[in-house]
Chemist: 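Below is the structure I would like to discuss, written out as structure tokens.
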Amino acid sequence: MLSDDFKVLVHNAVGDTALADAEGLEALRVAFLGKSGHVTLQLKSLGGMDPEARKAAGAEINTLKTLITDAIIARRAALDEAALAARLSAERIDVTQPPRPEPVGAIHPLSRTMEEIAAIFGAMGFAIKDGPDIENDWNNFSALNIPAHHPARAMMDTFYLNANANARPAVLRTHTSPVQIRTMLNEQPPIRIIVPGRTFRADHDATHSPMFHQCEGLVIGEGITLGHLKGCLIDFLRAFFDNPALPVRFRASYFPFTEPSMEVDIGWNRKTGEIGGGTDWLEILGSGMVHPNVLANCGIDPRKYQGFAFGVGLERITMLKHGIADLRLFYESDVRWLRHYGFSPLSPASLHEGI
Ligand code: DAH
């Protein structure tokens, strides 16, 4: 039999663990479970007992041993957890940087327009392409079915870069259309791309700048029709001007690289400038079915493939959308203008916003 003293000792010690710190706990462990601890001594005393008594006492010692061992383990875990919590809260750092109180810059309205166009056409499955500002004469004109001495070349007030008669003439691209050529030479249909980018013409007034921006669009595939062109551009214009009922009109026109060709107009009120209201029409972009000669120039069989293309001036649609009167201020880098017309870098264009 075990002495009551030992039982009391264990029960008291178990109570003590609740209060012990790490050192006190270690002292308790040594006092009970160490080489000459109370439990160890009790176990040693079993040797002198007769088998029956040893069995009973052994079981009881083991129960008490488990009791004290578990109490020590539980207390140690609680102490460790408390120590970790204290350390975590002592070492806590704020990794978020507060926003600067006064943002200096903003997203330029033109960049914003490009983001919006990318979001709208991106949702229709278009990829974005770009091409160089300096083009050769063939990509900019000839391949687009604009032969030498064609009046369209004079119309575009081209900047020529290379006066050397032996070299292939280089130009600052007068439109984004040469990227149609570059793409069709390198890719097989189906093709579905937009090309936002810089363009250049010798022209300067309140609505023209020698450097400006366009966005080209090109779709080539089997069985592409005027219906696809119309649906695509109506959807684009209604999304961009944020008006699902925006009136859109297609008017017969002429471009050398499309047949038939169409100007696209939107409804507006000439007096108030309100887009979508009134009974007046405003020309917004050029478009048409890609001319068979252009397809053939790029090695695409016009009997098998058809397509449509369009080109839109980005300054113009940006000015209309945001009521900006003078084009020249777009390029003056005046931060006051940018603060007024610019957009927060924290609100990128997205279709969820319902552009
Ligand atoms: N490249 C023309 C321009 O700068 C715009 C244009 C019209 C592009 C019709 C097209 C198109 O792709 O089909 O005036």
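Read the numbers this way: they start at 1 and go in the same order the structure lists the ligands and their atoms. All residue numbers refer to positions in the sequence shown, counting from 1.
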Chemist: Return a table of donor-acceptor pairs under 3.5 angstrom between the side chains of residues 278-290 and protein atoms on other chains or two or more places apart.
Modeler:
| unit_1 | atom_1 | unit_2 | atom_2 | d |
| --- | --- | --- | --- | --- |
| Asp280 | OD2 | Arg270 | N | 2.8 |
| Ser287 | OG | Met262 | O | 3.1 |

Chemist: Partners of Tyr305 by ring pair (Phe, Tyr, Trp, His ring centres under 6.0 Å), sequence neighbours excluded?
Modeler: none
Chemist: Assign the ring pair His108 / Trp337 to parallel, tilted or perpendicular, where the plane angle (0 to 90°) is split at 30° and 60°.
Modeler: tilted
Chemist: Quick check: closest heavy atoms across Leu229 and Ala309, and the distance to 0.1 Å?
Modeler: CD1-O, 4.5 Å
Chemist: Can you find a side-chain donor-acceptor pair between Ser261 and Ser253 that sits under 3.5 Å?
Modeler: no
Chemist: Identify, with sequence neighbours excluded, every residue that meets ring pair (Phe, Tyr, Trp, His ring centres under 6.0 Å) alongside His228.
Modeler: none
Chemist: Between ligand 1 and the protein, tabulate every N or O atom pair separated by less than 3.5 Å, reporting distance only.
Modeler:
| unit_1 | atom_1 | unit_2 | atom_2 | d |
| --- | --- | --- | --- | --- |
| ligand 1 | 1 (N) | His175 | ND1 | 2.9 |
| ligand 1 | 1 (N) | Ser177 | OG | 3.0 |
| ligand 1 | 4 (O) | Arg201 | NH2 | 2.8 |
| ligand 1 | 4 (O) | Gln214 | NE2 | 2.9 |
| ligand 1 | 12 (O) | Gln180 | NE2 | 3.1 |
| ligand 1 | 12 (O) | Glu216 | OE2 | 2.6 |
| ligand 1 | 12 (O) | Phe310 | N | 3.3 |
| ligand 1 | 12 (O) | Phe310 | O | 3.3 |
| ligand 1 | 13 (O) | Ala309 | O | 3.1 |

